[in-house]
Amino acid sequence: MAFQLPSSFSSSSSSGEYSDTPSSYGLTTSTFAAFVVSAGLVILLLQRRVGGGGKGKGALKLPPGPPGWPIVGNLLQFARSGKQFIHYVRDLQPIYGPIFTLRMGSRTLIIVSSNELAHEALVDRGQAFASRPRENPTRAVFSCNKFTVNAAVHGPLWRSLRRNMVYNMLSNTRLREFHDVRADAMDRLVDRLRAESAESPDGSVLVLKSVRFAVFCILLAMCFGVEMEEATIENVDRLMKRVLIVLNPRLDDYLPLLSPLFGKQRREAMEVREEQIRTLVPFIEQRRSELRGDPPSPGKSSSSSPSRSFAYLDTLFDLKIEGRKSAPSHAELVTLCSEFINGGTDTTATGVEWGIARLIQNPDIQSKLYADIVSVVGDRVVTGTDVESMPYLNAFTKELLRLHPPTYFSLTHAAVEPTRLGGYDIPTDANLEFYLLPIATNPNCWTEPGRFWPDRFLTGEEADITGGKEVKMIPFGAGRRICPGLTMGMLHVNLILARMVQEFEWSAHPSYPISFEEQLEFTVVMKNSLRAVVKPRKKPTSQI
Ligand code: HEM
């Protein structure tokens, strides 16, 4: 079992297809257990000697939770359970209720799984819970000390960064401007799937890999303003995977006193950070010199096509941050660009993978979806504008994100100042985790909540996925920290699914039966990566 707890994506990455987390970071259960017991005893002795101890939380009335050990809290029980964190929490929830506490070493996690409490905390009293907790030292380096939208504490920096991303990049008008980037990525996706299927002896394809690559291409082009050659994209993608691996939570994140034992991992993380800066700064500099109108440097081989008129990066060069005079540094630009690319890549790709699995499981639903697409576009290739007018597709995607929220937890929240929720104290240093899956499958809110049934949204059941009025399903979170990429995320999931279904009929591979078991990486991916058989349909004509 990998040692895996929820974490923010910061400037880092997300995952999706990577189940190859090195065991040096993911300790096995038995080593971990032995390690924690001995380490716990050593720390206890050390703390006694220096007169240390608790943090004076005795007077607080925290939500209930399983009793834990001194120092290590519930870490040992979690490790010994042999479960993934999402399953460990799922099994505790019926015992401890809608709000409960887990102590993971030095971190106090408060898990909220009630619709009402989520609405109260995120919407009604959104300001009070709008911050983010402290980061571990490795993440702090990658996020330039929380210089990102997702990691910034609630305050002027967060407001400046978020406002810039939302108004300059994620508005409907701006999204329309990148129509051709999406169209190109969709064509490439279809070509890749066709080629992979033709090369494989059984005509099958690995869904997540190609979809993830397509989304990555779109976000890379939007971020840096250039459409890069495939080899360059793959290179950047490989680097992002390494970033992801070194940012995996480590034992010393929860037991900082053990950090002297993790020197090698820390050094490796710093090398990856340097490589990330070395790789991305040339794109930043290329863009800067193009904006200045410099002539291309002689003899420099270009790994990208001519530039677009606008990119996320352009908005960052002279970004005015409340309370700060200087423009973002190179390292900060790398961090902000990585956040933009990573925030939307695995979340979207994971959603599509589960979506294709559901279509294979339900051929009737697949037929209805195909009919919906054809009724709107006829023989023409489906575009981002078309998907808005496809009621069944939109119902399908909503149902998909209800039952398979790409992240089962929102990013970790923190209280701005000590407060209360559900009758319990919430200290500022607690990690507040909103558990999205039980919220979206609450039997008080849904008929047959466990059934995958897109028609529910066409026959009277409703849900505002922003959670503004009430919280029924919030795959993008809710309130002040709601995902700023909601519209783009929905558009990409809709468009990719529509194009994949327009071009191919999807069915199960006889040797790889579909299993709906999940695995927590950054997003919750299919435990057995989906391998499916594709049968080309009538080829649509090129775009108008
Ligand atoms: C299907 C696609 C997506 C899903 C399911 C998703 C989900 C989420 C969730 C659950 C959160 C946490 C909200 C909270 O803390 O309460 C979040 C935050 C965030 N997402 Fe997304 N996301 C998606 C796509 C995107 C895209 C396309 C981008 C941008 C390019 C993006 C950028 C962000 C950022 C910057 C935050 C942090 C917001 C803040 O802290 O103020 N996401 N997302």
Side-chain angles (χ1 to χ4, degrees), residues 6-14 16 112 118-119 121-123 126 129-133 143 146-155 157-166 168-171 174-175 178 182 211-212 215-216 218-223 312 335-355 397-398 400-402 404-414 431-437 439-440 465-467 471 473-497 522-524:
S7 54
S8 357
F9 58 73
S10 86
S11 58
S12 60
S13 181
S14 37
V112 179
H119 192 262
L122 296 173
V123 181
F129 297 97
S131 209
R132 299 288 190 209
S143 76
K146 292 174 156 284
F147 194 81
T148 57
V149 179
N150 79 86
V153 297
H154 189 245
L157 171 66
W158 170 73
R159 265 194 301 277
S160 304
L161 294 177
R162 183 167 169 124
R163 202 183 299 132
N164 175 62
M165 187 190 266
V166 171
N168 289 323
M169 224 37 219
L170 299 173
S171 67
R174 194 60 89 192
L175 284 181
F178 288 93
R182 282 190 292 274
V211 172
R212 192 186 173 283
V215 187
F216 191 71
I218 300 175
L219 293 168
L220 212 52
M222 290 178 78
C223 183
Y312 181 49
T335 287
L336 291 170
C337 289
S338 304
E339 171 184 48
F340 184 81
I341 295 164
N342 293 322
T345 301
D346 292 286
T347 41
T348 306
T350 306
V352 174
E353 185 190 38
W354 286 108
T397 299
K398 252 189 172 178
L400 175 63
L401 296 178
R402 185 182 71 83
H404 302 285
T407 63
Y408 278 13
F409 294 93
S410 70
L411 295 180
T412 306
H413 283 243
N431 287 16
L432 217 57
E433 312 287 355
F434 293 92
Y435 188 12
L436 308 181
L437 187 64
I439 286 176
I465 60 169
T466 68
V471 163
M473 58 178 282
I474 47 168
F476 295 90
R480 282 171 170 68
R481 288 282 191 163
I482 192 171
C483 174
L486 187 155
T487 311
M488 179 155 80
M490 288 297 279
L491 169 63
H492 287 172
V493 175
N494 271 328
L495 177 61
I496 297 171
L497 281 170
F522 165 74
T523 51
V524 179

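First listed ligand is number 1; within each ligand, the first listed atom is number 1.
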TODO: Please name all residues satisfying ring-ring contact (aromatic ring centres under 6.0 Å, His included) with Phe216, sequence neighbours left out, ordered by chain then number.
DONE: none
TODO: Answer yes or no for Met169: is there a heavy-atom contact with ligand 1 below 4.0 Å?
DONE: no
- [ ] List in chain and number order the residues that pass side chain to side chain contact (heavy atoms under 4.5 Å, CB included) with His119, two or more places apart in sequence or in another chain; answer none if no residue qualifies.
- [x] Val123, Asp124, Val471
Open item on the list: Please state which option from Ile341, Val352, Leu411 has its nearest heavy atom closest to atom 12 (C) of ligand 1.
Closed with: Leu411
Open item on the list: Using heavy atoms and a 4.0 Å limit, tell me yes or no: is Arg480 in contact with ligand 1?
Closed with: no
TODO: Pick one of side chain, backbone, both or neither for how Leu122 approaches ligand 1, counting any non-hydrogen atom pair under 4.0 Å.
DONE: neither
- [ ] Mind checking whether Arg162 contacts ligand 1 via backbone (N, CA, C, O), side chain (CB onward), both or neither, at a 4.0 Å heavy-atom cut-off?
- [x] side chain
Task: Between OG1 on residue Thr523 and CZ on residue Arg212, distance to nearest 0.5 Å - done: 9.0 Å
Open item on the list: Is the contact between Cys483 and ligand 1 made by the side chain, the backbone, both, or neither, using heavy atoms and a 4.0 Å cut-off?
Closed with: both
Task: Phe434, portion touching ligand 1 at heavy-atom distance under 4.0 Å - done: neither
- [ ] Nearest heavy atom to atom 36 (C) of ligand 1 wins, so pick from Gly485, Ala151, Pro484.
- [x] Pro484
- [ ] Mark yes or no for whether His413, through its side chain, and Ala130, through its backbone, hold a donor-acceptor pair below 3.5 Å.
- [x] no
Open item on the list: Minimum heavy-atom separation for Met165 and Pro484, please, with both atom names.
Closed with: SD-CG, 4.0 Å
